[in-house]
Amino acid sequence: MRRVSVGRPVRLGACAVAAAGLLAAGLASPASADDQQSDQLWIIVPYEQKLPPGTGGEEPEPRSFGVSLHHDNSNFTVTDGEVTVDVSELAGVAEVTWPENCAPSGAGAVCHVPEVPVTGNDEQIRLTVRAADGAVAGAQGRITYEATATGGPQGTLTAPRESFETTVTVASGPDLAIAGIDPIERAEPGDDRTIPFELTNNGNESAHGFTVRLMASYGLKEMTEYDACTYTRSSDDEYAPMTHATCSFDRVLAPGESFRLPRPLKVEFARHALAERLDIDVEPGGGAEDLDHHDNYVALELGADNTADFSVTGDAVSGAAGETVTARLTFGNSGPAWFGNLGSGDPVAVVQLNVPEGTTVTGVPSGCIPRTLSGGYHPRRTGAPRYDCELPYWVPEKVERSYVFSLRIDTVTSGTTGAVSVRPGFGTFTFDPNPANNTAVLAVN
């Protein structure tokens, strides 16, 4: 079952590294030819939605959430998606307002998605729900979903049946929501920027105190400091350095009331800033449970107009037939910026070696994956014609990382070379000012 909290991006720190680990596991066993001819349809929905009941004779306040449909394989075009939404279990609990692309029918609707995208969280359907008149706290029901679409290897795709649902619960409590904040693009290193943070209680009960947590990525040099906050700075080889702030505010935030920090929240872009993140998380105090966690968290993208010069250096080795030699390939970032894939956790780069003809790799460094020349799966760790060495999800500025291979010279041929390159796992290095140093050679004899 695939359930996600809609709009909840990957958090800084451990989650990003976990994502990187999952990705690496997947890349270690690349798709076979059969996998490339398979496809699957998926529905992405929130696993729960809480609704405040009506009070004082007023109509209950509505809430809305998104439903997304996607498929796995970009080799296929998938169209004419139909999502069947069943709300029969919401009788007496909640009522649904259907969007224009949904045709109501009985206790549900069929919603149309003309073009189904490949894996992603693109929202195509937005449902609005409110507690039913007379529903009291604790009332609960389910929304279930099924889907079909045209495309895939057999011409039709079907989402796994009875695998997607949203539990709807009528509940009272505070609902702390962070107001939308626009991302920042092309700030200059050294700039100070103000973050317009505002918090509103959209619930039907007061929040008796609340906590605000801030996590700033490595390239954000300074944040405004407040008396209500405690600050820590983390730094080690596995996780990208971050600044953490935990701020406790002992005040009552009534329904409809908003809060701003005592002074404007400012951040300074360091000289090494590039693709930065500021994560903000809030929760009510006193053990109260927030009605809607989806708007308690934002991951703000803060971009700096900067560059990171990635490069790769090859090696030259020599030896007689049958001799084993050592070859060192080196990745470098000469800055001035660091770089991290803070949202996805993907490796920042891959160092690729095409093994020179007439040689055999007998020793493989950690983090390097054997491949066929075309990038497919290779069954043995040694003896492959190509190796892809994945870097971590982040690299600091002014850094080098080396990969040392053991290479047996099988036949002696003067001037034999193997291509060496550094490339992204996906896309291009948009921040790299000098692509010319992204390639090198491993020369033998």
Side-chain angles (χ1 to χ4, degrees), residues 1-8 37-54 59-135 139-171 292-295:
M1 182 183 300
R2 290 193 176 187
R3 295 178 175 178
V4 300
S5 296
V6 175
R8 196 85 165 178
Q37 294 304 313
S38 66
D39 203 357
Q40 179 61 60
L41 195 64
W42 300 102
I43 308 167
I44 297 179
V45 295
Y47 62 88
E48 66 175 353
Q49 178 66 57
K50 293 180 181 179
L51 304 174
E59 185 175 282
E61 183 181 349
R63 294 284 194 268
S64 64
F65 62 87
V67 177
S68 302
L69 186 67
H70 69 81
H71 70 107
D72 287 341
N73 195 335
S74 60
N75 292 323
F76 297 101
T77 297
V78 179
T79 60
D80 301 320
E82 290 191 347
V83 180
T84 301
V85 185
D86 185 347
V87 297
S88 59
E89 294 186 32
L90 294 187
V93 176
E95 298 175 357
V96 178
T97 300
W98 302 104
E100 291 184 359
N101 62 332
C102 294
S105 176
V110 177
C111 303
H112 299 278
V113 180
E115 297 183 2
V116 181
V118 178
T119 303
N121 288 328
D122 297 335
E123 175 189 305
Q124 301 104 350
I125 304 162
R126 189 149 196 90
L127 302 182
T128 301
V129 294
R130 71 169 182 88
D133 293 337
Q140 191 174 81
R142 289 189 312 158
I143 303 175
T144 59
Y145 312 83
E146 295 181 357
T148 61
T150 300
Q154 306 301 323
T156 301
L157 294 176
T158 302
R161 295 185 181 277
E162 300 180 358
S163 296
F164 310 96
E165 63 184 49
T166 301
T167 299
V168 177
T169 304
V170 179
D292 186 355
H293 297 284
H294 302 147
D295 50 14

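All residue numbers refer to positions in the sequence shown, counting from 1. These figures come from a predicted structure and were not determined experimentally.
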Asker: Who passes side-chain hydrogen bond (donor to acceptor under 3.5 Å, both in side chains) against E61, sequence neighbours left out?
Answerer: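 Only R63 meet the side-chain hydrogen bond (donor to acceptor under 3.5 Å, both in side chains) criterion with E61.
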
Asker: Residues in side-chain hydrogen bond (donor to acceptor under 3.5 Å, both in side chains) with E89, at least two apart?
Answerer: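 R142.
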
Asker: Starting from the C-alpha separation in whole Å, work towards a yes-or-no answer on side chain to side chain contact (heavy atoms under 4.5 Å, CB included) for T158 and L41.
Answerer: CA-CA 6 Å; T158 302; L41 195 64; 5.8 Å; no

Asker: Decide yes or no for D122 and S68: does some side-chain heavy atom of the first lie under 4.5 Å from some side-chain heavy atom of the second?
Answerer: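 The answer is no; the side chains never approach within 4.5 Å.
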
Asker: Report the residues that fulfil side-chain contact (heavy atoms from CB on, under 4.5 Å) with T128, sequence neighbours left out, ordered by chain and then residue number.
Answerer: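 T128: side-chain contact (heavy atoms from CB on, under 4.5 Å) contacts with P62, S64, T97.
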
Asker: Locate the shortest heavy-atom distance separating S74 from V118; write the atom from each residue and the value.
Answerer: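 The answer is CA-CG2, 3.7 Å.
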
Asker: Examine distances only and state if a side-chain atom of T150 and a backbone atom of D80 form a donor-acceptor pair shorter than 3.5 Å.
Answerer: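 Between the backbone of D80 and the side chain of T150 there is no qualifying donor-acceptor contact (under 3.5 Å).
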
Asker: Over all heavy atoms of both residues, which pair between V116 and A149 is shortest? Give the atoms and the distance, please.
Answerer: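 So the two residues come closest at CG2-CB, 4.2 Å.
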
Asker: Any side-chain heavy-atom pair from L127 and P99 closer than 4.5 angstrom?
Answerer: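 In short, these two side chains touch, coming nearer than 4.5 Å.
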
Asker: Closest heavy-atom contact between C102 and A109?
Answerer: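 Taking every non-hydrogen atom into account, CB-CB, 4.2 Å.
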
Asker: Quick one: CD on Q37 to CG on N73, what's the gap to the nearest 0.5 Å?
Answerer: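 Q37 CD to N73 CG: 7.5 Å, rounded to 0.5 Å.
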
Asker: Would the number of heavy atoms belonging to other residues, nucleotides or ligands and lying under 6.0 Å from CD of E115 be above 12?
Answerer: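 Incorrect, the count does not exceed 12.
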
Asker: Determine which pairs satisfy salt bridge (charged side-chain N to carboxylate O under 4.0 Å, His left out) with at least one residue from residues 146-159, sequence neighbours left out, and list them in order.
Answerer: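 Every pair satisfying salt bridge (charged side-chain N to carboxylate O under 4.0 Å, His left out) with a residue in residues 146-159: E146-R161.
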
Asker: The criterion is side-chain hydrogen bond (donor to acceptor under 3.5 Å, both in side chains); which residues satisfy it with T84, sequence neighbours excluded?
Answerer: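 side-chain hydrogen bond (donor to acceptor under 3.5 Å, both in side chains) check on T84 returns nothing, list empty.
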
Asker: If the condition is side-chain hydrogen bond (donor to acceptor under 3.5 Å, both in side chains), which residues does D86 pass it with, not counting sequence neighbours?
Answerer: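 Partners of D86 under the side-chain hydrogen bond (donor to acceptor under 3.5 Å, both in side chains) test: S88.
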
Asker: According to side-chain contact (heavy atoms from CB on, under 4.5 Å), who are the partners of T77, at least two apart in sequence or on a separate chain?
Answerer: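 With neighbours one apart ignored, the set is T79.
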
Asker: Can you tell if the side chain of L51 reaches within under 4.5 Å of the side chain of V168, non-hydrogen atoms only?
Answerer: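 When only atoms from C-beta onward are counted, V168 and L51 do touch, with a gap below 4.5 Å.
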
Asker: To the nearest 0.5 Å, how far apart are CZ in F65 and CD1 in I125?
Answerer: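 Here the rounded value is 10.0 Å.
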
Asker: How close do G152 and V78 get, heavy atom to heavy atom, and via which atoms?
Answerer: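 Distance-wise, the nearest heavy atoms are N-CG2, 4.3 Å.
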
Asker: V96: what forms a side-chain contact (heavy atoms from CB on, under 4.5 Å) with it, not counting sequence neighbours?
Answerer: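 Partners of V96 by the side-chain contact (heavy atoms from CB on, under 4.5 Å) criterion, ordered by chain and then number, come out as V87, L90, W98, V129.
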
Asker: Would you call D72 and W42 a side-chain contact if the rule is heavy atoms closer than 4.5 Å?
Answerer: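 Of all side-chain heavy-atom pairs linking W42 with D72, at least one is under 4.5 Å.
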
Asker: CD/Q40 to NE2/H71 distance, rounded to the nearest 0.5 angstrom?
Answerer: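 So the CD of Q40 and the NE2 of H71 are separated by 11.5 Å.
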
Asker: Can you run down the salt bridge (charged side-chain N to carboxylate O under 4.0 Å, His left out) pairs that involve residues 99-113, sequence neighbours left out, and say none if there aren't any?
Answerer: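 Qualifying pairs: none.
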
Asker: For V67 and R126, what are the C-alpha separation, side-chain angles and deciding distance, and is it a side chain to side chain contact (heavy atoms under 4.5 Å, CB included)?
Answerer: CA-CA 6 Å; V67 177; R126 189 149 196 90; over 6 Å; no

Asker: Please find the pair of heavy atoms, one from L69 and one from G81, that lie closest to each other, and give the distance.
Answerer: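 In terms of heavy atoms, the two residues are closest at CD2-CA, 4.0 Å.
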
Asker: For D133, enumerate each residue passing the salt bridge (Lys or Arg N to Asp or Glu O under 4.0 Å) test, keeping only those at least two apart in sequence or located in another chain.
Answerer: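 For D133 the salt bridge (Lys or Arg N to Asp or Glu O under 4.0 Å) partners, ignoring immediate neighbours, are R130.
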
Asker: side-chain hydrogen bond (donor to acceptor under 3.5 Å, both in side chains) between Y145 and T166: does it pass, once the steps are laid out?
Answerer: CA-CA 9 Å; Y145 312 83; T166 301; 2.9 Å; yes

Asker: Within a strict 4.5 Å, meaning less than it, do heavy atoms of the V170 and V93 side chains meet?
Answerer: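 Sidechains of V93 and V170: in contact.
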
Asker: Might you point out which heavy atoms bring P60 and P53 nearest each other, and give the distance in Å?
Answerer: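 Looking at all heavy atoms of both residues, the closest pair is CB-C, 4.1 Å.
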
Asker: Kindly say whether Q124 contributes a backbone atom to a donor-acceptor pair with the side chain of N101 at under 3.5 angstrom?
Answerer: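 Yes, N101 side chain to Q124 backbone: donor-acceptor pair under 3.5 Å.
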
Asker: Among residues at least two apart in sequence or on other chains, which ones pass side-chain contact (heavy atoms from CB on, under 4.5 Å) with Q140?
Answerer: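 Residues passing side-chain contact (heavy atoms from CB on, under 4.5 Å) with Q140: T167, T169.
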
